[in-house]
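Reckoned from all heavy atoms, side chains included, excluding hydrogens, waters and symmetry mates.
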Amino acid sequence: MKLLPLDSPELIELAASWLAREENYRWLDFGAGRQVVTPALLKVMAQRDSHFIRIYTDDTDDTPIGIAALNNVDRTFRTGTLWGAAGERSFRSRGYGTLGGSRLLTLAFRELGLHAINTWVADGNPSRRLVERLHFRYVGRMRECHYMDGKPYDRLFFDLLASEHREISHERLLRSG
């Protein structure tokens with residue numbers, strides 16, 4: 001698996017198309033109620049120091065299959081917020097999101113020098129299992145603050161310290177089932 005920066009119009013368009021799918025954007029929040037990210041906005045985000053965005057690939061032929069990213073990267077306080085989305089449907093539920101997230105966390109802690117990374121998951125989102133496989137710790141709940149189809153859902157908050165992160169290998173992921 002590779003983590004590719006959003007450094008070409010093709011990758012930006014591809015990632016934006018993934019994020020424009022309701023099955024993905026309904027679980028996200030890019031501030032001010034924004035859920036859909038346009039290619040233009042994604043390009044701007046990729047160029048800012050407050051974002052760290054990568055496309056992860058299939059491990060056999062480097063096909064782009066998903067996106068893993070950090071928002072709110074703060075190099076003074078050494079923090080960031082993890083988010084991601086599956087891209088290619090045929091690769092879902094096969095551990096690629098976990099591997100992509102794990103590798104992004106390794107880069108964030110080692111290369112960006114971050115100390116703590118947080119994330120949140122809307123209650124009912126199957127991605128909660130991914131967050132738990134990455135060893136994030138549950139730290140709290142914000143009640144009825146995420147709306148989907150007019151219905152409020154809680155957000156579950158998690159965090160992970162650099163000292164708690166262990167990169168997950170493909171082999172280890174297969175062993176853990």
Side-chain angles (χ1 to χ4, degrees), residues 1-3 15 18-19 23-35 37 45 48-57 59 65-87 91-148 151-177:
M1 172 180 285
K2 292 181 182 173
L3 293 180
W18 294 336
L19 296 173
E23 67 205 53
N24 288 329
Y25 76 69
R26 67 184 310 199
W27 304 108
L28 301 171
D29 178 0
F30 292 99
R34 179 188 308 267
Q35 289 183 292
V37 176
M45 289 169 63
R48 293 207 171 139
D49 285 340
S50 59
H51 300 277
F52 186 71
I53 304 171
R54 295 293 183 265
I55 298 291
Y56 56 88
T57 67
D59 53 1
I65 58 174
I67 186 168
L70 296 173
N71 284 355
N72 306 315
V73 174
D74 186 318
R75 293 170 199 256
T76 301
F77 291 105
R78 300 172 53 202
T79 59
T81 301
L82 178 72
W83 64 273
F91 289 92
R92 289 188 179 169
S93 300
R94 293 174 43 193
Y96 287 103
T98 301
L99 288 174
S102 178
R103 294 204 176 152
L104 185 87
L105 290 168
T106 298
L107 287 175
F109 289 130
R110 290 186 186 160
E111 294 183 22
L112 298 181
L114 300 186
H115 179 70
I117 294 175
N118 66 74
T119 192
W120 60 267
V121 178
D123 204 9
N125 186 336
S127 294
R128 179 177 181 171
R129 290 187 310 274
L130 181 150
V131 168
E132 291 168 345
R133 280 193 301 270
L134 293 173
H135 304 291
F136 276 81
R137 292 184 185 186
Y138 175 76
V139 295
R141 170 185 302 262
M142 185 180 292
R143 298 179 301 153
E144 298 184 1
C145 63
H146 190 88
Y147 280 79
M148 292 184 288
K151 181 180 175 194
Y153 291 83
D154 294 356
R155 286 185 183 172
L156 311 176
F157 287 84
F158 300 83
D159 70 8
L160 180 72
L161 299 177
S163 61
E164 298 166 339
H165 173 62
R166 302 289 177 268
E167 186 169 321
I168 297 173
S169 68
H170 190 79
E171 295 76 25
R172 188 171 136 207
L173 184 65
L174 292 175
R175 280 194 309 267
S176 67

Inset, instruction - Output the distance between atom OG1 (Thr79) and atom CG (Leu114), rounded to the nearest 0.5 Å. - result: 7.0 Å
Legend entry - Side-chain donor-acceptor contact under 3.5 Å, Trp83 with Asn71: yes
Inset, instruction - For Arg75, look at atom CZ and say whether over 12 heavy atoms of other residues, nucleotides or ligands are found less than 6.0 Å away. - result: yes
Legend entry - Interatomic distance, Asp159 atom CG to Arg137 atom CZ [nearest 0.5 angstrom]: 8.0 Å
Legend entry - Closest non-hydrogen atom pair, Ile168 against Thr98: CD1-CG2, 3.8 Å
Inset, instruction - Output yes when a side-chain donor or acceptor of Arg103 lies under 3.5 Å from a complementary backbone atom of Met1, and no otherwise. - result: yes
Legend entry - Point-to-point distance, once rounded to the nearest 0.5 Å, from CG of Leu82 to CG of Leu70: 6.0 Å
Inset, instruction - To the nearest 0.5 Å, tell me how far Ser163 OG sits from His115 NE2. - result: 6.0 Å
Inset, instruction - Quick one: pull up CG in Leu99 and CZ in Arg133 and give me the separation to the nearest 0.5 Å. - result: 9.5 Å
Legend entry - Residue pair Leu112 / Phe52: nearest heavy atoms and the distance that separates them: CD1-CG, 3.7 Å
Legend entry - Donor-acceptor contact present, side-chain Asn24 to main-chain Ala86, <3.5 Å: yes
Inset, instruction - Quick one: list whatever passes side-chain hydrogen bond (donor to acceptor under 3.5 Å, both in side chains) with Glu144, sequence neighbours left out. - result: none
Legend entry - Heavy-atom side-chain contact between Met45 and Ser50 under 4.5 Å: no
Legend entry - Nearest atoms (heavy-atom pairs only) where Leu105 meets Phe136: CD1-CE1, 3.8 Å
Legend entry - Note, Phe158 side chain near Val121 side chain (heavy atom, < 4.5 Å): yes
Inset, instruction - Using a 4.5 Å cut-off on heavy atoms from C-beta on, say whether the side chain of Trp27 contacts that of Pro126. - result: yes
Inset, instruction - Taking all heavy atoms of Ala69 and all of Leu104, pick out the closest pair and write down the distance. - result: N-CD2, 3.5 Å
Inset, instruction - Could you tell me which residues satisfy salt bridge (charged side-chain N to carboxylate O under 4.0 Å, His left out) with Arg141, sequence neighbours excluded, listed by chain and number? - result: Asp123, Asp154
Inset, instruction - Provide the closest heavy-atom pair for Ala85 versus Leu19 in the form atom of the first, atom of the second, distance. - result: CB-CD2, 3.9 Å
Inset, instruction - State the CD1-NE2 distance between Ile117 and His165, to the nearest 0.5 angstrom. - result: 8.0 Å
Legend entry - Within 6.0 angstrom of Tyr138 OH, more than 12 heavy atoms from elsewhere: yes
Inset, instruction - Taking Thr81 for its side chain and Asn72 for its backbone only, find out whether a donor-acceptor pair lies under 3.5 Å. - result: no
Legend entry - Closest contact, heavy atoms only, Arg128 versus Leu156: NH1-CD1, 3.3 Å
Inset, instruction - Determine whether Trp120 and Val131 make a side-chain contact, defined as any pair of heavy atoms from C-beta on separated by less than 4.5 Å. - result: no
Inset, instruction - Please confirm whether the backbone N or O of Arg26 pairs with a side-chain atom of His146, one donor and one acceptor, at under 3.5 Å? - result: yes
